[in-house]
2 protein chains.
Amino acid sequence: MSSDDPTYDESVAQGGFRLTRQRREVYDALLDVRDHPTASEIFLRAKHRMPSISLATVYNSLEALVSSGLVKQVNLDRAPTRYCPNTKEHGHFFCEKCHEVQDIELLPGQSPQSFILPQGCVVTHHEVSLKGLCQKCAQPAPLLS
Amino acid sequence: MSSDDPTYDESVAQGGFRLTRQRREVYDALLDVRDHPTASEIFLRAKHRMPSISLATVYNSLEALVSSGLVKQVNLDRAPTRYCPNTKEHGHFFCEKCHEVQDIELLPGQSPQSFILPQGCVVTHHEVSLKGLCQKCAQPAPLLS
DNA sequence: CTAGGTGCAAAAGGTTTGCGGTTAA
DNA sequence: TTAACCGCAAACCTTTTGCACCTAG
C-alpha cells in the first residue's frame, strides 16, 4: 500500500486538531513501517528523528490521532496496545510464534455478523481478532534437497 | 442458563488441577452472577464467603481455571480483564453506556469467518467483540402516558 | 514426604496526569 | 493573546512475583 492511498490521506489530519511536529513524527513512524508498533516502539522511532520527543507526548499524540480517526488502537489480551494507520474496516491476525500482527481484510460485500444480536441493541463498532500461526511459522522446516 | 448445563459441568474441574476451597469460591462467584466480573469484583464476592482469601490467590485461581479450560478471559481495550464461565464458542457485546457485557451466540451452523486469511496460516483462536448500546440503553426515554 | 497452593507485600509495566514552560493560530 | 501542546516526573492501577508457611495426596 502506498502512502498516497486515499485511506491514509494525511489531509484528514487537518480536521479538528493541530498537526504539530510531534504528531507528524508519530504518524510518520506509524506509516513508515506498517507493523502495528507499540507506543514504546513508536517512541523509539520518533526519537530517532526528533530526539527531544517524550514518551508522554507519544501517548498524547496517539490519543489525538486515534480520536481524530486517523489511527486505530489494537489490543490483544493484556499486551501493550498497538497502533494501526489502516482506517478501513478490517480485522487482525496475531501469530502466536513470531508475534507478528497482520491486517486481515473483509471478504468483499460481507459484514462480520454471524452472531445473534439481542433484540434492539445498536452496534457501533466491532472487532475481530484471530490468533494462530502465520504463513512463515506454519510452514514445515525448509527443504534442504 | 441453569448451573447444571453440561457446558458448566464442574466435574471438568477435576481434570488436571486441585480443586481447593479458594478455587471453588472463585469459580462459584463466577457462576453465581454471569456478569463477566473483573478479578477485583470476584475478589470482593469471594471474600464475602471466605474472608481470608487474597487478591493474589484470586488471580492465581483464575489462571488455573483459565488454563484448565473452565473459564475464559475477556478483554476490551485496556479495561481490566473480565472472566466468563461460558466455555462455548461465543462473542461479546459491550454496552458503551452502562458497560454491561453480554455473551452473543453464533448463528447456528455459521463460523465467524468473513475475512480473507493470508494463504497458509493456521487459525487456532478467534474473538469477536461488538460495542454499542444494549437494549435498555438504546431505548428512548420511557413513555409516561 | 513433597509438590503444589496460599497469603502477604513488594515490584513490574503500561498508561495517565499534574504542572510549569512553550508554541501555533 | 491564548488555548492548545510539550516534556518531565510522579502517580495510577492491574497484574505478577518472591517468599515463607501450609496442606492434600
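Just so it is clear, the values below take in all heavy atoms, side chains as well, and ignore hydrogens, waters and symmetry mates. Since we're looking at a predicted model, the values are computed, not measured. Numbered from 1 within each chain, the chains take letters A, B, ... in sequence-line order.
Between A/Arg45 and A/Glu25 no salt bridge is recorded (no basic side-chain N to carboxylate O distance below 4.0 Å). A salt bridge links B/Glu100 to B/Lys136: at least one charged side-chain nitrogen sits closer than 4.0 Å to a carboxylate oxygen.
When the C1' atom of C/dA24 is taken as reference, atom CG of A/Leu19 falls 12 Å away, rounded to whole Å. Counting to the nearest Å, the C1' atom of C/dG13 and the CG atom of A/Asn75 are 15 Å from each other. If you measure from atom CD1 of A/Ile53 to atom P of C/dT22, you get 18 Å, rounded to the nearest angstrom. In this entry the distance linking CD of A/Gln22 with C1' of D/dG7 reads 9 Å, nearest Å. One interatomic measurement links the two molecules: CG of A/Asn60 to C1' of D/dC8, which rounds to 12 Å at whole-angstrom precision.
Side chains of A/Gln102 and A/Gln135: a donor-acceptor N/O pair is present below 3.5 angstrom, by distance only.
Considering only side-chain atoms of A/Ala56, the nucleotide from C/dT6, D/dC8, C/dC8 that sits closest is D/dC8. Each of D/dT14, C/dT6, D/dG7 was ranked by its minimum atom distance to the side chain of B/Thr57; first place goes to C/dT6. Distance from the side chain of A/Ser54 is smallest for D/dC8 among the nucleotides D/dC8, C/dG7, D/dT14. When each of D/dT14, D/dG7, C/dT6 is scored by its nearest atom to the side-chain atoms of A/Ser52, the top-ranked nucleotide is D/dG7.
When heavy atoms are screened at a 4.0 angstrom cut-off, B/Thr20 is found touching the sugar-phosphate backbone but no base atom. Residue contacts for A/Thr81: at a heavy-atom cut-off of 4.0 Å it reaches the sugar-phosphate backbone alone, with no base atom in range. Contact annotation for B/Thr38: no contact, since no heavy-atom pair falls under 4.0 Å across all strands.
Under a hydrophobic-cluster definition in which Ile, Leu, Val, Met, Phe, Trp and Tyr are linked whenever side-chain heavy atoms come within less than 4.5 Å, directly or via other members, B/Val74 and A/Leu76 are assigned to different clusters.
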